[in-house]
Amino acid sequence: MIDLEKFRKNPEVYKEEVKKRNMDIDIDEDIALDEKRRKLIFKVEKMRARKNEVSAIIPKASGEDKQKMITEMKELNLGLKDLESELELLEKSFFEKISTYPNLTHESVPVGKDENDNIMAYKVGRVPDFDFIPKSHSELGVMLGIIDEERAAKISGSRFVFLKNENVMLQFALVQYVLNILSKRGFIPLVPPVLVKERAMYGTGFFPVEASQYYKTELDDLYLIGTSEVPLCAYHSDETISAEKLPQKYAAYSTCFRREAGSYGKDLGGLFRVHQFDKIEMFIFSHPENSWDDFEFLRDTLEEIVKGLGLHYRIMNMCTGDIGTPNAKKYDLEAWMPAQKNYREIASCSNDTEFQARRLNIRFKDGERKGFVHTMNSTACAVGRVIMAIMENYQDRYGNIRIPQNLIAYMGGMEIIKR
RNA sequence: GGAGAGGUGGCAGAGUGGUUGAAUGCGGCGGUCUUGAAAACCGUUGAGGGCUUUGUCCUCCGGGGGUUCGAAUCCCUCCCUCUCCGCCA
């Protein structure tokens, strides 16, 4: 949610933002709607004030005076009811419109149309050499019996997988490895609910813009989360956090669900794009003054995790046309995938400044100063995609997969997956 | 799923139709006293929103709807919490 006062005073800022993001919003129309709305509020409140005024006198009056006043109030009520329902409609359409407005981007975000305009910030490590043609993780998965897509399709349809045998161990090894790093860095671990109310989806900014990406339950008004960013962010909704306690850092392990509507035929097969995957997500509630430092800390934490796995990757500074509505800035971490000979996104890290905090009413108090906290989130480990990266990068010419050094202990000493 | 109880300010807890945005207590903040602290005493203490913005008005007693000139208080409905029973990982 944007700051309405700022919006009224300075609509140009939002016009500029909408243009940068390549969005189509008629701001002048919404400004006019807001004016109309406020005029009506004024009118309605005037009538209510009159009503309250007379109601205070009525008990003291008697006889004819009293009857006169009661009659006047009856009439006033008729007009008031009409105006109130008119106002309700206006409010609804105004807030529907305003809730599609994007956050304001940070000055360091490159302006661009789509993913082609994202800017590579830097690379870490180097492209690994293979003296054979590396296989896809999907192929390796079948050969080694550690991924079963066929049976998953039989049961649940496409874009579902079974992890099997060593891959199951690898998943939990990764989780242990990551939680260890995160607890050293002061993150409080959580296992959150994966079904949430509409407010949580709306408050985090996934609704209304991306609503078609998420599963909804039929009997109850609950939604399956696409990321634990949702319950993490909503965790402190309607709370005021005192400044000494900031930043509050959390890490949640959960399953995530995405409909992947509109991505038909894209990245079919394997672990890359599936309807259900497990992920550890980091989340920070931050003091606005430290927001951008905390954000770099978050990015650094993510990189420590990926570096420790020995993966080659690059950090992308995502452009205005490619970042999410709530994001003020976003980095993607793209790991090298040998079979595709390309970098693919395995994590992303965004600062949403006060966009979510406004919607979920998450405040801070710093002495006399009050305001909305800043919220930011980052993938710590998207298990499926990281397993994919490990399988492809750590394969040998025989189709075996070595275990990254830092995971061996968590794998009970296992050093290689082979048949 | 069945039976019962209940949802009021940061918390506890009054209030059953008319200056009740809400008594009282605790907590918080400020002050007096004290070498300091505690105790005691005095004062203060919700949020959101409109406008002609150091003021004024409006809204908010779980959500929604209704009755009434007037609702925290009456009616309907939904939700949630607690206790007991049943079922269950």
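Letters A, B, ... mirror the listed sequences (proteins, then strands); counts begin at 1.
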**Note: A/K20-A/E16 ion pair, threshold 4.0 Å (strictly below)** = no
Applying the 3.5 Å cut-off to both distances, the Watson-Crick or G-U partner of B/U16 turns out to be none
In whole angstroms, the gap separating P of B/C69 from CD of A/E53 amounts to 19 Å
So, is A/N52 close to the B/U59 phosphate, meaning a side-chain N or O under 4.0 Å from OP1 or OP2? yes
*Using only side-chain N and O atoms of A/R48, determine if any of them is under 4.0 Å from OP1 or OP2 of B/C57.*
no
Item to complete: Determine the Euclidean distance between corresponding P atoms of B/C11 and B/G17; express it in Å to zero decimal places.
Response: 28 Å
Between CD of A/E84 and P of B/G64 the distance, given in whole Å, is 13 Å
If the P atom of B/U73 is compared with that of B/G7, how far apart are they to the nearest Å?
12 Å
Ranking A/E88 and A/R38 by the position along RNA chain B of their nearest nucleotide, the one closer to 5' is A/R38
In whole angstroms, the gap separating C1' of B/U68 from CD1 of A/I70 amounts to 10 Å
- Considering only the C1' atoms, how many Å lie between B/C58 and B/U44, rounded to the nearest integer? 25 Å
ask   = Between A/N77 and B/C69, does any side-chain N or O lie under 4.0 Å from OP1 or OP2?
value = no
Query raised in the report: Quantified in whole Å, what is the P atom distance between nucleotide B/A23 and nucleotide B/A47?
Result: 16 Å
When both distances are under 3.5 Å in a Watson-Crick or G-U wobble arrangement, the nucleotide paired with B/A39 is none
To the nearest angstrom, the CZ-C1' distance between A/F42 and B/U56 comes to 11 Å
| request: Take atom C1' in B/C57 and the same atom in B/U34, then report the distance between them in whole Å. | output: 47 Å
Note: for A/R8 and A/A56 on RNA chain B, the residue whose nearest nucleotide lies more 5' is A/A56
request  = Write down the distance separating the P atoms in B/G31 and B/G36, rounded off to the nearest Å.
outcome  = 14 Å
Using Watson-Crick geometry (N1-N3 plus N6-O4 or O6-N4) or G-U wobble (N1-O2, O6-N3), each under 3.5 Å, B/U44 is paired with B/G28
**Study point:** Lys/Arg N to Asp/Glu carboxylate O, A/E29 vs A/K97, below 4.0 Å
**Key:** yes
*With a 4.0 Å cut-off, would you call A/D267 and A/R344 a salt bridge?*
yes
Would you say a side-chain N or O of A/R363 is under 4.0 Å from OP1 or OP2 of B/G48? yes
Closest of B/G70, B/C51, B/C58 to the A/A49 side chain is B/C58
Euclidean distance for C1', B/C33 against B/A22 (whole angstrom): 34 Å
Would you measure the distance from the C1' atom in B/C42 across to the matching atom in B/G49 and give it in whole Å? 35 Å
From CD of A/E244 across to C1' of B/G28 the rounded distance in Å is 14 Å
If pairing means Watson-Crick or G-U wobble with both distances under 3.5 Å, then the partner of B/A3 is B/U83
On the ring face of A/F207, is A/R359 found with NZ or CZ under 6.0 Å from the centre and within 45° of the axis?
no
task: Using a strict 4.0 Å threshold on nitrogen-to-oxygen distance, state whether A/E304 and A/R185 make a salt bridge.
output: yes
Tested for side-chain hydrogen bond (donor to acceptor under 3.5 Å, both in side chains) against A/E17, the lone hit among A/R21, A/K15, A/K19 is A/R21
* Asked: Is it true that A/K154 and A/E149 make a salt bridge, defined as a side-chain N closer than 4.0 Å to a carboxylate O?
  -> no
Closest of B/U67, B/G70, B/G18 to the A/I58 side chain is B/G18
Under a 3.5 Å limit on both distances, the Watson-Crick or wobble mate of B/A23 is none
Atom CD1 of A/I41 and atom P of B/G48 are separated, to the nearest Å, by 16 Å
A/K51 NZ to B/G18 P, in whole Å, measures 17 Å
Rounded to whole Å, the CG-P distance (A/D238 to B/G10) equals 11 Å
Assigned chi class of B/U54 under the 90° convention is syn
